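Quick caveat, the model's predicted, so the values are computed rather than measured.
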Amino acid sequence: MDNLQKYQIYIDGKWGDSSSGKWFESQNPYLGKPWAAIPACTVEDVDRAVNAASDAFESGEWADMTASARGRLMRKLAALIEENSQALGEVEVRDNGKLIAEMAAQTAYIPEWYYYFGGLADKIEGAVIPTDKADTFNYTLREPVGVCAMIVAWNSPLMLMTWKLAPALAAGCTAVIKPSEFTSASALEFMKLVEQAGFPPGVINVVTGGAEVGEPLVRHPKVAKVAFTGGEIGGQKVYEAAASGLKKVTLELGGKSPNIVFDDADLDNAVKGAISGIFAATGQTCIAGSRLLVQDTIYDEFVDRLVSFAATARLGDPSNADTQVGPVTTPIQYKKILNYIDIAKNEGAKCLLGGGPAQGPDGSGDWFVQPTIFGNVTNDMRIAQEEVFGPVLSIIKFKDEEEAIAIGNDIMYGLAAGVWTQNLRRATVMAKRLKAGTVWINTYRAVSYTTPFGGYKRSGLGRENGQEAINDYLQTKSVWISTATETPNPFIMR
Ligand code: NAD
């Protein structure tokens, strides 16, 4: 541990070690070696963090701050992230194995969430209601829900944290963040900027560790709302734990999104869309277009073009700007992907590209998987139904629109879908009939702070991003004022 970069947690505006006095290692996925020591938090640390967040919510500088001042503080934080976006991006490359080419764009984009939601802070308005009751004045207040627990997955740590933190701060909530145990470093680096921006102590706190830290956080009686991004199993457990305290919950879970190519599509663009759908971020994205549905009339031609293009992917060091596919982020994930490749082969899918571990450059670890494409997949196979979360594409043939919709929707998930067609009627019908929280037509992966994002079916609950995201961090209070000069008969409810 002595040769590793040692991090501290951030609670109540102070840096410190965990109460266990222990650390766990964070790995550099490219080198396959530990590079950082992250505090192993305990239930006691969770309690301290939640109490700090609760105190900051109940009284003091943050509780008394006007919404406009909150917005200004958020914009100050946004400007600091902008100044430091390169450095934050480099931490995620080291800790997560994400490509620097992607991270430079992602961390430079994150400030927009704090500008957008900071701008929204003083536009959270109640209403004056023209009620049916005579001699009364009735209005609503939209108030922050309180302390929010934010539990985040490892695949886009700062971005996924930001989707929760920005609307929560705008609403006036306080936060305890628990990043993934695999990628905690960037959240802790981020807290240096929170401190520099001048957020009052206790408004944003970070505890680190795995489910043993996440679970007491969710169950803590002073936590009012839980915002979770992760897998289905973790999501279910979090939902159950939150239910026992009747807490508000939003869940952003997994997907097995259909990316559907019709024979009237611009095939060059569709090939690129299919590649970006599955190989960007080494396939480790919830929105991966991991089921590629191709119309039978162009199946052979399209698959040939796709396989030739995918075969040119450059695997390598994620900190090199030319690298196109980086390592898998964790050894557990690496084994899971290889296991799914075996499952696909055993189910009779035809391996058209890759299909096993890949050799990383000299000096790298062994966490590379070949970009892999399976043909002859039917939608009932496990490789078509289960989330691999890696660079593994399943191609399924379809005949017409009806069949594309039936296959597309025949899955427990409903996070996203892509449609490639130049026919406007078809595009509109597909967008309406696909059961997914996001549908892309002739593009893939577009997400923005302006636009709601979330899952249908078992892909989640609630929406992040866009104006409606703030509603999950607010509750409405109705205020009744009597303007009557006399109290009517008090024994009758009116
Ligand atoms: P995971 O569910 O294993 O872990 C997610 C987070 O939850 C981690 O911080 C983990 O420590 C914590 N956690 C796990 N069990 C918990 C419990 N019982 N109580 C409290 N906290 C608990 O998921 P992961 O492997 O980190 O991430 C991959 C998954 O996340 C994939 O399924 C992916 O699709 C999904 N994901 C969804 C979105 C989205 O926006 N819909 C975005 C990114 C990733």
Side-chain angles (χ1 to χ4, degrees), residues 6-24 36-66 69-70 72-74 76-77 80-81 84 114 118 121 144-152 157-158 161-162 164-181 184-210 212-227 245 247 473:
K6 234 175 198 175
Y7 279 94
Q8 292 189 307
I9 45 173
Y10 189 71
I11 296 177
D12 204 14
K14 293 181 213 68
W15 295 97
D17 297 342
S18 77
S19 61
S20 72
K22 292 185 183 149
W23 279 263
F24 61 90
I38 307 292
C41 285
T42 62
V43 176
E44 201 183 315
D45 298 317
V46 169
D47 195 45
R48 269 194 318 123
V50 176
N51 280 324
S54 176
D55 290 349
F57 180 75
E58 293 300 337
S59 61
E61 203 185 335
W62 180 253
D64 295 342
M65 199 178 276
T66 64
R70 255 190 350 252
R72 270 199 301 280
L73 195 51
M74 290 179 68
K76 197 168 168 196
L77 176 60
L80 283 167
I81 304 168
N84 292 279
Y114 296 94
V145 293
V147 177
C148 300
M150 300 174 183
I151 299 184
V152 185
L158 276 183
M161 181 190 90
T162 289
K164 297 158 183 50
L165 187 58
L169 293 175
C173 295
T174 57
V176 178
I177 299 162
K178 195 207 78 61
S180 167
E181 60 274 35
S184 306
S186 59
L188 294 167
E189 293 286 348
F190 180 89
M191 295 314 292
K192 296 179 187 165
L193 306 181
V194 165
E195 188 179 35
Q196 218 177 313
F199 275 82
V203 174
I204 313 173
N205 309 273
V206 176
V207 289
T208 44
E212 75 291 349
V213 177
E215 204 184 329
L217 176 59
V218 172
R219 289 192 186 276
H220 198 292
K222 290 188 184 165
V223 166
K225 145 123 203 163
V226 181
K247 296 167 194 223
Y473 296 90

Kindly give the heavy-atom pair with the smallest separation between [X] and [Y], and that separation in Å.
X: Ser184; Y: Phe24; answer: OG-CZ, 4.3 Å
X: Pro144; Y: Ala171; answer: CB-O, 3.2 Å
X: Ala56; Y: Val203; answer: CB-N, 3.9 Å
X: Val43; Y: Pro216; answer: CG2-CG, 4.0 Å
X: Ala227; Y: Tyr473; answer: CB-OH, 3.5 Å
X: Leu80; Y: Gln196; answer: CD2-NE2, 3.5 Å

(message) Any carboxylate oxygen within less than 4.0 angstrom of a Lys/Arg side-chain nitrogen, looking at Glu195 and Lys192?
(response)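 The answer is no: the pair does not qualify as a salt bridge.
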(request) Count the heavy atoms belonging to other residues, nucleotides or ligands that lie under 6.0 Å from CD of Glu44, then report whether that count exceeds 12. (result) no
(request) State the OG-CE distance between Ser180 and Met161, to the nearest 0.5 angstrom. (result) 13.5 Å
(request) Measure the NZ-CG distance between Lys76 and Leu193 for me, rounded to the nearest 0.5 Å. (result) 12.0 Å
(request) Please answer whether the main-chain N or O of Gln8 pairs with a side-chain N or O of Trp23 as donor and acceptor at a distance below 3.5 Å. (result) no
(request) Taking Asn205 for its side chain and Ala175 for its backbone only, find out whether a donor-acceptor pair lies under 3.5 Å. (result)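 Yes: the side chain of Asn205 pairs with the backbone of Ala175.
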(request) Please examine the side chains of Thr208 and Pro39, heavy atoms only from C-beta on, and report whether any two atoms are closer than 4.5 Å. (result) yes
(message) Just so I know, are the side chains of Arg48 and Ile9 near enough to count as touching, which here means a heavy-atom distance under 4.5 Å?
(response)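 With C-beta onward as the side chain, the pair touches.
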(message) Looking only at the side chains, is there a donor atom on one of Ser20 and Thr42 sitting less than 3.5 Å from an acceptor on the other?
(response)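 Not at all, the side chains of Ser20 and Thr42 share no donor-acceptor pair under 3.5 Å.
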(request) Apply the test side-chain contact (heavy atoms from CB on, under 4.5 Å) to residues Val223 and Val176: give CA-CA distance (whole Å), side-chain angles for both, the deciding distance (0.1 Å), then the verdict. (result) CA-CA 9 Å; Val223 166; Val176 178; 5.9 Å; no
